[in-house]
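Treat the numbers as computed from the prediction; the structure is a model and nothing was measured.
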Amino acid sequence: MTDAPVDRSGISVIVPTLNESRLIDQTLRSVLAQAPDDLELLVVDGGSTDGTAAQVAQIGDGRIRLIESPPGRARQMNVGAEAATGHRLLFLHGDTRLLPGSLDGLVRALDEPGVVAARLRLGFDRSHPLLRLYSWCTALPLPLFHYGDQGLFCRSGTFRRLGGFPEV
């Protein structure tokens with residue numbers, strides 16, 4: 001990767017939540033720590049009963065907007081995408097933390113000619129042989145190992161042309 005400046009403007013991060021109070025603070029702070037001032041962070045809550053919404057409100061960063069939605073991860077991500085104003089969308093689960101430099105890496109990948117989407121590798125807080133194997137597999141260019149847990153990054157126009165996520 002190059003050290004050239006990365007244009008991180010126009011990014012909307014969409015985080016679907018349902019009872020994520022245990023980890024949502026870490027997730028949101030990991031995004032805000034590497035995000036530009038004009039970043040839009042949409043937390044789309046599917047009816048949490050554990051105080052997730054109150055925790056989001058306590059962070060008090062003006063870039064965070066809490067949206068209520070019927071439950072269902074795909075439905076919540078579609079609701080967030082519809083409300084998003086950025087020209088690039090990052091879908092990130094509520095229990096996922098961005099490592100430093102992740103946002104820049106995603107932007108660089110999407111700026112490559114012919115690239116329509118990007119994703120991150122998985123890593124885990126716990127060390128277990130199966131988790132290490134799964135993490136290693138997410139680096140392979142095989143659809144079998146690409147899931148929403150990795151964060152999905154794309155242009156908003158592409159997402160809309162594809163019709164969003166199927167609500168299954």
Side-chain angles (χ1 to χ4, degrees), residues 6 8-107 109-110 117-128 130-132 134-135 138 145-156 159-160 164-168:
V6 174
R8 290 179 281 164
S9 65
I11 296 174
S12 294
V13 180
I14 298 159
V15 181
T17 59
L18 182 61
N19 296 326
E20 297 288 354
S21 67
R22 194 170 63 83
L23 297 170
I24 192 63
D25 185 70
Q26 294 173 26
T27 298
L28 300 180
R29 292 187 190 282
S30 75
V31 173
L32 294 170
Q34 59 184 303
D37 290 339
D38 72 339
L39 176 114
E40 177 180 50
L41 186 46
L42 304 165
V43 177
V44 186
D45 191 71
S48 294
T49 59
D50 68 346
T52 296
Q55 271 190 277
V56 171
Q58 281 182 342
I59 294 174
D61 189 292
R63 296 174 286 177
I64 301 175
R65 186 165 33 140
L66 182 64
I67 300 171
E68 293 181 13
S69 165
R73 187 170 286 152
R75 178 179 295 121
Q76 290 169 245
M77 291 189 296
N78 288 336
V79 165
E82 188 174 311
T85 61
H87 64 276
R88 294 178 285 193
L89 306 174
L90 172 58
F91 298 94
L92 194 66
H93 287 187
D95 62 352
T96 302
R97 290 189 312 271
L98 284 183
L99 295 177
S102 296
L103 200 55
D104 286 354
L106 288 169
V107 170
L110 198 59
R119 50 110 181 132
L120 298 165
R121 284 188 63 184
L122 277 181
F124 296 92
D125 292 339
R126 295 182 319 153
S127 181
H128 184 279
L130 289 176
L131 294 176
R132 284 193 302 274
Y134 183 51
S135 178
T138 64
F145 298 113
H146 298 178
Y147 299 102
D149 288 335
Q150 295 172 256
L152 302 172
F153 192 58
C154 64
R155 291 174 196 83
S156 60
F159 182 78
R160 287 180 177 94
F165 290 108
E167 294 183 11
V168 293

Looking only at heavy atoms, what is the nearest atom pair of [X] and [Y], with distance?
{"X": "V43", "Y": "I64", "value": "CG2-CG2, 4.1 Å"}
{"X": "R132", "Y": "S127", "value": "NH1-OG, 2.5 Å"}
{"X": "A83", "Y": "I67", "value": "CB-CD1, 3.7 Å"}
{"X": "G94", "Y": "V15", "value": "CA-CG1, 3.6 Å"}
{"X": "L66", "Y": "A53", "value": "CD2-CB, 3.6 Å"}
{"X": "S69", "Y": "V44", "value": "CB-CG1, 3.5 Å"}

Using salt bridge (Lys or Arg N to Asp or Glu O under 4.0 Å) as the criterion, list what pairs up with D61, not counting sequence neighbours. R63

Residues in salt bridge (Lys or Arg N to Asp or Glu O under 4.0 Å) with R160, at least two apart? none

Are the side chain of [X] and the backbone N or O of [Y] linked by a donor-acceptor pair below 3.5 Å?
{"X": "S156", "Y": "L89", "result": "no"}
{"X": "T27", "Y": "R97", "result": "no"}
{"X": "R155", "Y": "L110", "result": "yes"}
{"X": "N19", "Y": "D50", "result": "yes"}

Decide side chain to side chain contact (heavy atoms under 4.5 Å, CB included) for R8 and L39; before the verdict, give the C-alpha distance in whole Å, the side-chain angles of both, and the deciding distance to 0.1 Å. CA-CA 8 Å; R8 290 179 281 164; L39 176 114; over 6 Å; no

Neighbour count above 12 (heavy atom, 6.0 Å) for E167 CD: yes

Kindly compute the distance separating [atom1] ([X]) from [atom2] ([Y]), expressed to the nearest 0.5 Å.
{"X": "E20", "Y": "D25", "atom1": "CD", "atom2": "CG", "answer": "12.5 Å"}
{"X": "L152", "Y": "F165", "atom1": "CG", "atom2": "CZ", "answer": "5.0 Å"}
{"X": "L98", "Y": "L90", "atom1": "CG", "atom2": "CG", "answer": "6.0 Å"}
{"X": "L103", "Y": "I11", "atom1": "CG", "atom2": "CD1", "answer": "4.0 Å"}
{"X": "L120", "Y": "F153", "atom1": "CG", "atom2": "CZ", "answer": "9.5 Å"}
{"X": "M77", "Y": "H93", "atom1": "CE", "atom2": "NE2", "answer": "5.5 Å"}

Considering only residues two or more places apart or on different chains, which pairs with a residue in residues 32-47 satisfy side-chain hydrogen bond (donor to acceptor under 3.5 Å, both in side chains)? S12-E40, T17-D45, E40-R65, E40-T85, D45-S48

Determine the interplanar angle of the F159 and F91 rings, folded into 0 to 90°, and report it as parallel if under 30°, tilted if 30 to 60°, perpendicular if over 60°. tilted

